[in-house]
2 protein chains.
Amino acid sequence: MIYVNSTLREPLYMQIYQCIKEEILDGERNAKDKLPPIRELASSLNVSKNTVEAAYHQLFVEGYVKGKRGSGFVVEDVQNFLLSYRKINEVEIRNSKKRYGEFLEGETSSEAIQYDFQYGNISSEFFPCDYWRKATEYILSSFETSALSTYIDKMGDLKFREVLSRYLYEARGISCHAGQIIISSGFQHAMNIICDILPETHRRVGMEEPGFYSARDMFFYKHFEIEPLRVFPDDRYIFDLENADVSCLYVTPSHQFPMGRVMPIEIRYKLLKWAVENDGYLIEDDYDSTLRYNSRPIPALFSLDESERVLYVGTFSKSLSPALRVNYLVLPESFVRKYQELPQYSHSTVSWLDQKILAKFIEDGRYHKHLRKISTQYSMRNLQLRQMIDKTFGNSVKIHGFDAGLHIVLEVNSEIDVDKFVALARKKKAAVYTVERCFLDKEKAPKNLLLLGFGRIDEKGIKRGVEVLKLAMEQCLE
Amino acid sequence: MIYVNSTLREPLYMQIYQCIKEEILDGERNAKDKLPPIRELASSLNVSKNTVEAAYHQLFVEGYVKGKRGSGFVVEDVQNFLLSYRKINEVEIRNSKKRYGEFLEGETSSEAIQYDFQYGNISSEFFPCDYWRKATEYILSSFETSALSTYIDKMGDLKFREVLSRYLYEARGISCHAGQIIISSGFQHAMNIICDILPETHRRVGMEEPGFYSARDMFFYKHFEIEPLRVFPDDRYIFDLENADVSCLYVTPSHQFPMGRVMPIEIRYKLLKWAVENDGYLIEDDYDSTLRYNSRPIPALFSLDESERVLYVGTFSKSLSPALRVNYLVLPESFVRKYQELPQYSHSTVSWLDQKILAKFIEDGRYHKHLRKISTQYSMRNLQLRQMIDKTFGNSVKIHGFDAGLHIVLEVNSEIDVDKFVALARKKKAAVYTVERCFLDKEKAPKNLLLLGFGRIDEKGIKRGVEVLKLAMEQCLE
C-alpha cells in the first residue's frame, strides 16, 4: 500500500518512490504490473500530480519501471534479479564482518608515552599558523582563484616552482629552472615517480646499509633489486660499489640516515664519476639538510653534478609540517621529458592553494626566517640532548650524527640487549627505537644502536627523558 | 689569495670558505697543503679568530680539508677527484641541453579559444572561498593544530572519514563506517590503490567501451589486461560479460562516461550476481553523481552490494574543485585490511588542513547547500545547452546523457568528418572534442560523436558557442 506522511521531513515524492521501490523489491508488485495512473494516485494520496510524476520518474530513471508518462508505467522484473543475486549470495559465507572498533584500533595508540624520542614527527608550535591564515585570506581574495576551476599541471604550480628554483639556488647551491621541478605529495609519491622515470635497464639499486626503510619499501614495491652498501661501522661504501652490480644508488649525502654522517666531497666526486662511467644514476634524498647546527647547510650533491646523473628529492615535511604533504623533485631535463610522457601522472596531486601559499611564503622571505628560527630551536634541543647524554651516560655511549637534522644515533659501548632496553624504557614511559628497521640484512644489525629523535620532544622532556633512559639502562645491565 | 669584503652581504666566514674552496678545486691549493694557522689568517684579514674557525669548520665538515682545530688543517685531494670526474664527463656529449622556454611550452596553451566546451574543468566562481577562509582561520586557531606535527594516518583524517561516512549514507545510500574510507589525492592515486589491493589473480578488467580514458591509462600502467565491453550503440554489456574472461569490471553506473546512461537496476543486480558467481569485483567510479538535473541522485551500486564485491571511488573534483586534489575510496573491509598491510602507502597524501576544512564543510551542512546551489547553476547551463542544440540543429543531432553531470555527447545524424568539424570550430574559436579517446579500439570509434562539456562555460558562452558550432557544421557539410 502506498502511503505518505506529510509531517516527515522527507519530500512526499521521495516517500512515494521509496514505498513503491520496496514493494517491487519485496515482490508485492510483480513484473508487468501496472503502476496506478498518476491522476488516480495523486487524488487518493491527496498530493499533486507533479508529486506522483516525480516519484514515477525517479523509478523510471533507476530502472524499476518502464513505460512513459501518459501511457502508464509497468513494473520491471527487478525482484527476480534481486532474488537471483541474493540466492547466489547466500552461498558466500559472510559472517566474518569485523566491527568498526576493531578497524579503528590500529589508528590510535593506547600507550601513554611521556618522553617520546620518536623520529619523523616535529613540533607543531613552530608552524606559521598566522602567516598561513593571512596567506589563505590573501590568495582566496585574489583574482587568481580562477585556477580553482582546473586541474593543476602535472609538474605543479608554475609560480611555486619558479620561486622554489630560486630558493634552491640560494639554500642548496642547486642551479635549476622551474621546468626541472616536480611538486609531489610526500616521499612515497616522489619515489614512485623516480622509479617510473628510471630506464627499464636501471632496476638494480644500491642502498646505504643502514639506510632509510621507506625508500627500501618503495624500491621493493617497484620490483627493484636492492644491494646493501655498508656505511657502518666503517665506510665500505665505495669499495663495495666498484664490485656491486647496481645501476642506481639511493643516497643521503647531507646527513646519512640514520647514522648522520656528511658525505665528504671526495666521495661525492667518486660517486659522480661512478655514475658517468657506469651509466648510473644517483638518487639524492635531501630530507633534513636545512637543519644544521654547527656548520652551514652542505651544498647538495645535485649542485656538483655536471652530467645529469643526480635525481634530487627535497621536502617541507621536516621544516614546516609532515601533515602538509608537500615535497618536490629536481630532475635532469631528460627525466622531465620522460615524466611528461607518462599517462599515469596526469595532474599535480598537491592542492593548488597549498602550492600558492608556499610560493608566497618563500617569496616573501618568510621561509628563510622560519628556517633560521627552527634551526635555533632545534639546535637547543640537540645541544640539550647531547649534554644530557654526556652527563648521564659519559663514556659508556657514543653519539652519531649530532650535527644536523632531528635525530641522533646512540651507540652503547657495552653489550646490551637493545630490545630489552627499549621495553624497559617503555615501561617507564620513555620511547626510544632500535635501528633494526634501517638494515636490509636484519641479522647483521648491530644490537647496540638506538635511534633518538628530538623533533617533537622539548628541552624539559629531553632532560627528564634521558634520566629515565639512564634508569632503564641500569635495570637492563643488572 | 684569500680575501674578504666587509661591504658584501655574505658573512665573512662564508667568503673565506668560498675562497679556499675555489682554490682547492682550482688546484691552487694542493693535497696535503696546510691551511694557514687560524690566528695568522685572522690577523692578516683583520677578522676575528671565530670567523676563520667557522670557515675552516665548514670546509672540514664538507670534506675539503682534514685535521683538527689546534693541530692545523690539511687540504684533501679534492681536485684530483674533481678532475677525474670531469675527464670522464667530457666523454659524454651534453650539447643537447634544452632551453628553459622549451620546457614551459607544453604548460601553456597559446590558442585563443573563446567558447570552450572542454570536459573536466568547472567554474571557479562557485567555490566557497569565504567559507574556506573562515574555516582555515578557525582550524588554525584551534588546539587541533598539534596534528601539524605528525604524519597523517594512511587512511586519512579520522574525523573527516566519519563525517564523510554519514554524508555517503544520506546522499548515496552507502552504508559504511569510517574504517572503510580512504582519503586519496585524485583519481589516479585512488586507482593506484585499487590496483594494488586487488588480488594478483584479478588482473583482467572489463571496461565500458567507450569508457573513461584515465582509468584505462591506470590499468595499463598497472599491467592489467583490458577487455572492452560495448555500451554503445547498443548495450551488449551483459552478453559480452558472460563470455568475457575478466575478473573485475570498471563501471560508471550513475552516469556512464561518456555516453551518460544511468545503469538500470536490472543490470546492477546482474553485475552483482556476476561478481559473486565469478569471484569478480566491481570498481564503481561515481565521478559526478551529485549533479543530477531531472531526478534525484541515483543510489550507488555500492549501496546494493551485500557481498563485499564493490570498490567505490568518489570525488570532490566536480563538486568543489579539481585543484583541491581530494577524493576517496569506500572499500569492503577485506580490502581495507589489505591496504593497511601495504608498506608503499604509509601516510595520507592529502593535506591535514584540507581534510579538516572539508570535514567541517560537510558537518556544518554547507556541502549539502553548496551541492544544491551548483546543481541549480549547472542545470541552467545544461538546459540552455540542450535548448540551443535543439533549436539550432533540430533533428540532425541526438543528445546523449543530458540528465546529469557536466557534459553531453552529441550524435550527429549525417555522416560528417568529425575531425574536420572540430578543426573548423576551433578556427572559429569554439572547442569541442571527439570521443575517440574514450575507445580502446579507436578504429571502431564512431565518427559522428562529439563530447561537449559545460563545466566552465557560462550560459551566454553556451548560446554563442552553439551558434558558432552551427556555422562550423554548415561549412563542414558543404
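Residue contact with chain B, scored on non-hydrogen atoms closer than 4.5 Å, is absent for A:N327. Within the 4.5 angstrom heavy-atom criterion, atoms from both the backbone and the side chain of B:Y151 approach chain A. For a residue to count as touching a neighbouring chain, one of its non-hydrogen atoms must lie under 4.5 Å from one of that chain's; by this rule A:L59 does not touch chain B. Proximity to chain B (any heavy atom under 4.5 Å) is shown, for A:K356, by neither the backbone nor the side chain. Of the two parts of A:S254, neither the backbone nor the side chain holds a non-hydrogen atom closer than 4.5 Å to a non-hydrogen atom of chain B. The parts of A:N121 that come within reach of chain B are both its backbone and its side chain, each placing non-hydrogen atoms under 4.5 angstrom from that chain. Contact annotation for A:V350: only backbone heavy atoms (N, CA, C, O) come within less than 4.5 Å of a heavy atom of chain B. With a 4.5 Å cut-off on non-hydrogen atoms, A:D196 touches chain B through its side chain but not through its backbone. In this structure, chain B has a heavy atom under 4.5 Å from the backbone of A:A147, while its side chain stays farther away. Contact of B:I24 with chain A is not made at all, since no heavy-atom distance falls under 4.5 Å. Neither the backbone nor the side chain of A:M191 comes within less than 4.5 Å of any heavy atom in chain B. For A:T349, the parts sitting under 4.5 Å from any heavy atom of chain B are the backbone and the side chain alike. If you measure heavy-atom distances from A:F127 to chain B, the contacts under 4.5 Å come from the side chain alone. Proximity to chain B is limited to the side chain of A:Y13, based on heavy atoms less than 4.5 angstrom apart. For A:H189, no part sits under 4.5 Å from any heavy atom of chain B, backbone or side chain. At a 4.5 Å heavy-atom cutoff, the contact between A:Q188 and chain B is made by side-chain atoms alone.
When all heavy atoms of B:Q355 and B:D157 are compared, the pair lying nearest together is OE1-N, 2.7 Å. Heavy atoms only, all atoms of each residue included: B:S149 and A:S123 are closest at CB-C, 4.1 Å.
Contact check for B:N192 versus B:Y221: side-chain heavy atoms found under the 4.5 Å cut-off. Two residues are said to be in side-chain contact when any heavy atoms from C-beta on lie closer than 4.5 Å; A:E76 and B:P264 fail this criterion. Side-chain contact between A:H347 and B:P322: absent, with no pair of heavy atoms (C-beta onward) separated by less than 4.5 Å. Contact annotation: the side chain of A:W132 approaches that of A:L358 to within less than 4.5 Å [non-hydrogen atoms, C-beta and beyond]. A:L304 is not listed as a side-chain neighbour of A:P299, based on a closest heavy-atom distance of 4.5 Å or more.
When the ring-ring contact (aromatic ring centres under 6.0 Å, His included) test is applied to A:Y64, no partner is found at least two apart in sequence or on another chain.
Between B:D116 and B:R456 no salt bridge is recorded (no basic side-chain N to carboxylate O distance below 4.0 Å). For the pair A:E266 and A:K270, the salt-bridge criterion is met [side-chain N within less than 4.0 Å of a carboxylate O]. Taking a cutoff of 4.0 Å between a charged side-chain nitrogen and a carboxylate oxygen, B:D403 and B:R261 do not qualify as a salt bridge.
Chosen from B:G186, B:S141, B:G455, the residue pairing most often with chain A at heavy-atom distances under 4.5 Å is B:S141. Comparing A:F81, A:W274, A:W352 by how many heavy-atom pairs each has under 4.5 Å with chain B, the most go to A:F81. Comparing A:I122, A:I152, A:L324, A:D77 by heavy-atom pairs within less than 4.5 Å of chain B, the highest count is held by A:I122. Note: A:S124 leads A:S124, A:G63, A:A54, A:G120 in heavy-atom pairs under 4.5 Å with chain B. Heavy-atom pairs under 4.5 Å with chain A peak, among B:L320, B:I139, B:N294, at B:N294. Annotation: maximal heavy-atom pairing with chain A below 4.5 Å, among B:E137, B:R292, B:R296, occurs at B:R296. With chain B as partner, the option from A:S321, A:S214, A:P332 having the largest number of non-hydrogen pairs under 4.5 angstrom is A:S321. With chain B as the partner, the residue from A:T145, A:D354, A:L272, A:L342 showing the most heavy-atom pairs under 4.5 Å is A:L272.
A donor-acceptor pair shorter than 3.5 Å cannot be found between the side chains of A:R325 and A:S351. Between the side chains of A:Y17 and A:E62, at least one donor N or O sits under 3.5 Å from an acceptor N or O.
Taking a 6.0 Å sphere around NZ of A:K222, one finds it holds more than 12 heavy atoms contributed by other residues, nucleotides or ligands.
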